[in-house]
Amino acid sequence: MANSFRKPAILDPMYYPIIALLIALIACVELSDAVTAVDVYRLVQYDISGVPFGSRLATLNHHAGSSFFGSGSSADLSRTVLILPVRELNLTLITEYIAQKKLLGGLLLLLPPKFRPENTGSAFGADEDIDSLRNKLVELEWLLTHSNIPYPVYFAFEDDNINAVLAEVKRNDARGQPATATTGGYKLVVAASDPKRIAPPNIANIQGWLPGLKVDGDSNQLPTIAIVASYDTFGAAPALSVGSDSNGSGVVALLEIARLFSALYSNPKTRGRYNLLFGLTSGGPYNYNGTQKWLRSFDQRLRESIDYAICLNSVASLGNQLHLHVSKPPENAYIQQIFQGFSTVAEELGLQVGLKHKKINISNPRVAWEHEQFSRLRVTAATLSELSTAPELLESTGGLTDNRHFTSEASIIRSIKLVAESLARHIYSQEKKSISIFADDSSLAVNPSYIRSWLDLLSTTPRVAPFLSKNDPLIKALEKELADHTAEVNVQHETLDGTFTFYDSTSGKLHIYQVASVTFDLLLLLVLGSYLITLFSFLFITTRGLDDLISLFRRPSSRKVKNT
């Protein structure tokens with residue numbers, strides 16, 4: 001029986017060397033193209049009341065450059081990605097460039113490696129002018145976050161690979177040979193989709209109670225003292241915004257104060273006749289929007305029971321001075337009582353506490369301090385902070401320079417002692433007595449290990465609220481920690497005020513390729529083409545003969561087909 005199956009066509013063996021050569025060439029090109037890949041962090045993109053700010057694009061695919069001048073003062077940089085180390089940055093030049101709305105293919109800003117959030121243990125070298133560098137970075141961050149920039153802007157950290165690339169780019173630029181499609185050079189690529197608007201962002205407020213001791217038969221409601229700290233951040237690069245001081249220090253202080261008073265209140269003999277309300281609020285950088293919604297969820301009875309509230313904001317200053325910011329007039333008797341209590345304890349700790357008054361304008365939605373949200377509801381409140389003046393909107397909210405290196409653990413401990421002792425003396429009516437309830441050698445001593453562990457965690461955890469989910473591990477961790485020390489812990493989920501709109505795509509991977517010039521590509525193509533034609537002809541002649549090779553190029557004769 002005849003076999004009905006046809007054998008599969010097999011490629012002529014003479015084509016094997018050509019195919020192998022092509023595969024090898026392609027493999028070589030692919031393997032040699034990528035020079036390095038680095039993590040990059042995109043400049044924040046957001047709107048305020050529909051007005052755009054920050055970087056409006058995410059995709060990057062242009063050649064590298066190292067100077068705003070390129071090969072001349074009028075150079076076209078619309079297809080160039082500038083690599084600029086922050087150490088060498090000319091702030092005046094970049095400010096003018098952005099203000100004049102000049103086009104640029106992209107901007108890659110290189111940060112010193114010790115600004116990495118994960119570098120919690122290392123210190124800066126003695127030869128570096130850290131204050132000058134920090135000030136420059138603060139100014140740069142303010143410029144970038146308050147400008148509408150129509151091209152991609154990314155941050156990366158200096159390392160040996162990217163420094164080597166930059167050095168070569170600088171040499172080429174100095175020789176007047178900037179990278180282009182014609183001349184070759186380095187190409188920077190970030191493959192990213194168009195940034196998408198984040199749905200109304202979730203903000204979560206976490207609260208816990210320590211109920212005071214109520215005397216049998218007393219029907220009056222106990223007064224309440226609120227201790228509050230906002231835990232979220234805002235910065236030029238959301239993926240790097242860890243805010244060790246602002247306001248990681250305030251969060252750490254609140255958790256330790258809750259732990260200390262939990263120990264006191266666990267024993268009925270030492271439980272005070274004040275309820276203590278602890279609140280970790282969100283939306284701090286955005287006019288303390290979370291605090292506003294949290295307070296409005298209180299019933300009138302609870303709100304009226306609040307004796308006063310202490311808000312903790314940036315309490316890790318390296319100096320020895322803190323400020324108590326209030327909205328009520330300084331001559332107010334109750335404000336004076338609170339201030340005197342803090343001043344007395346501060347003097348014992350070698351600190352100075354100043355009283356700062358700023359009257360609030362109810363008609364102005366701008367809220368500079370967290371206590372102002374309490375004041376708007378006629379609740380006595382104050383903010384304890386190292387900052388002497390009210391920050392502008394989105395200023396001092398945990399930016400690029402606010403990391404573990406500049407956060408003093410010892411200062412946080414002093415601030416905790418100041419608040420805890422002041423509150424305890426008020427609760428137990430011991431204001432005029434020089435006693436130490438939380439003495440270092442007692443069972444109620446402040447725990448430095450506890451403070452360090454939480455400070456390390458917060459210093460490596462970006463906390464920009466619009467990018468935190470409802471079940472974010474950080475929110476769960478804060479909720480659990482507060483539940484370990486307080487009762488009736490609950491999380492209030494709200495949405496951020498519609499005034500603010502945020503967009504995704506906060507980080508990515510930058511691939512740097514070394515590309516040859518077009519002239520080189522054409523020459524290589526010509527050489528390879530000639531080689532392949534010669535190889536093909538040689539193999540064809542040796543296997544089939546010269547006549548068959550010539551017949552490939554002959555024009556076939558036309559034939560007339562007769563109709564039958």
Side-chain angles (χ1 to χ4, degrees), residues 42 44-54 56 145 194-208 226 228-235 237-239 241-243 246-247 250-251 254 277-300 302-303 309 311 313 362 364-377 379 393-395 397-398 458 461-480 482 488-506:
R42 191 167 77 98
V44 67
Q45 178 180 351
Y46 69 103
D47 305 334
I48 299 181
S49 300
V51 179
F53 294 98
R56 312 309 292 183
T145 55
D194 292 336
K196 295 181 177 59
R197 179 179 178 273
I198 297 176
N202 169 74
I203 53 177
N205 300 313
I206 311 164
Q207 73 171 41
V228 188
S230 178
Y231 65 84
D232 61 329
T233 60
F234 175 88
S241 187
V242 296
S246 180
N247 190 31
V251 173
L254 181 144
L277 172 62
F278 295 90
L280 290 168
T281 59
S282 184
Y286 322 109
N287 285 322
Y288 294 97
N289 190 233
T291 309
Q292 178 192 41
K293 295 185 176 184
W294 180 53
L295 291 176
R296 293 192 181 280
S297 70
F298 293 178
D299 60 43
Q300 185 176 354
L302 169 58
R303 199 180 302 160
C311 303
N313 183 308
I362 299 296
N364 186 352
R366 170 77 179 108
V367 177
W369 298 109
E370 188 163 21
H371 76 266
E372 292 181 8
Q373 291 291 13
F374 287 85
S375 299
R376 286 168 181 261
L377 298 176
V379 176
L393 180 66
L394 303 179
E395 181 188 22
T397 52
L458 294 171
T461 307
R463 304 186 302 280
V464 179
F467 303 101
L468 298 178
S469 65
K470 283 187 176 182
N471 297 315
D472 192 272
L474 173 68
I475 296 174
K476 291 295 183 183
L478 291 173
E479 178 187 6
K480 179 181 180 303
L482 209 54
E488 300 178 37
V489 173
N490 66 75
V491 180
Q492 175 196 40
H493 291 285
E494 297 283 354
T495 55
L496 187 64
D497 191 328
T499 302
F500 298 89
T501 303
F502 286 83
Y503 297 80
D504 63 8
S505 189
T506 61

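The ring of Phe500 has its center no closer than 6.0 angstrom to the ring center of Phe234.
The distance from atom CZ of Phe502 to atom CD of Gln45, rounded to the nearest 0.5 Å, is 11.0 Å. Rounding to the nearest 0.5 angstrom, the gap separating the CG atom in Asn287 from the CD atom in Glu372 is 9.5 Å. Here the straight-line distance linking atom CG of Leu254 with atom CG of Leu280 works out to 5.0 Å at 0.5 Å rounding. Annotation: the span from Leu482 atom CG to Lys480 atom NZ amounts to 11.5 Å, rounded to 0.5 Å. For the atom pair CD of Glu494 and OG of Ser297, the computed distance is 7.5 Å after rounding to the nearest 0.5 Å. Thr291 OG1 to Trp369 CH2: the interatomic distance, rounded to the nearest 0.5 Å, is 13.5 Å.
Asn313 and Asn247 get closest at one heavy-atom pair: CA-OD1, 3.3 Å. Gln492 and Trp294 get closest at one heavy-atom pair: OE1-CA, 3.3 Å. Annotation for Arg303 and Leu295: closest pair NH2-O, 3.6 Å, computed over non-hydrogen atoms. The two residues Asp504 and Arg42 have their closest heavy-atom pair at O-NH2, 2.9 Å. Between Leu393 and Arg366, the closest heavy-atom pair is N-NH2, 3.1 Å. When every heavy atom of Ala465 is checked against every heavy atom of Asp232, the shortest pair comes out as CB-OD2, 3.4 Å.
In terms of modelled atom types and a separation under 3.5 Å, the side chain of Arg463 and the main chain of Leu468 share no donor-acceptor contact. Judged by distance alone, the side chain of Tyr46 and the main-chain N or O of Thr145 form a donor-acceptor pair under 3.5 Å. Side-chain N or O atoms of Thr233 include none that pairs as donor or acceptor with a backbone N or O of Val242 at under 3.5 Å. Side chain of Asn205 to backbone of Gly290: a donor-acceptor contact under 3.5 angstrom is found. Not one N or O on the side chain of Asp497 forms a donor-acceptor pair closer than 3.5 Å with the backbone of Asn289.
Contact annotation: the side chain of Leu458 approaches that of Leu474 to within less than 4.5 Å [non-hydrogen atoms, C-beta and beyond]. Counting heavy atoms from C-beta on, the side chains of Ile198 and Phe467 come closer than 4.5 Å. Side-chain atoms of Lys293 and Thr495, non-hydrogen and from C-beta on, do get closer than 4.5 Å to each other. In this structure, the side chains of Tyr286 and Thr499 stay at 4.5 Å or more apart for every pair of heavy atoms. Here the side chains of Val367 and Arg376 are in contact, with some heavy-atom distance below 4.5 Å. Between Leu377 and Phe298 the shortest side-chain heavy-atom distance does not fall below 4.5 Å. The shortest side-chain heavy-atom distance between Lys476 and Asn471 falls under the 4.5 Å cut-off. Side-chain contact check for Val489 versus Phe278: every heavy-atom pair is 4.5 Å or farther apart.
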Checklist entry - side-chain contact (heavy atoms from CB on, under 4.5 Å) between Phe53 and Val44: does it pass, once the steps are laid out? => result CA-CA 8 Å; Phe53 294 98; Val44 67; over 6 Å; no

Item to check | Cys311 vs Tyr288, side-chain contact (heavy atoms from CB on, under 4.5 Å): CA-CA, chis, key distance, verdict | outcome: CA-CA 12 Å; Cys311 303; Tyr288 294 97; over 6 Å; no

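Counted by atom type alone, Glu370 and Ser230 present zero donor-acceptor pairs between their side chains at under 3.5 Å.
Classification of Arg56 and Asp47 as a salt-bridged pair holds, one side-chain N sitting under 4.0 Å from a carboxylate O.
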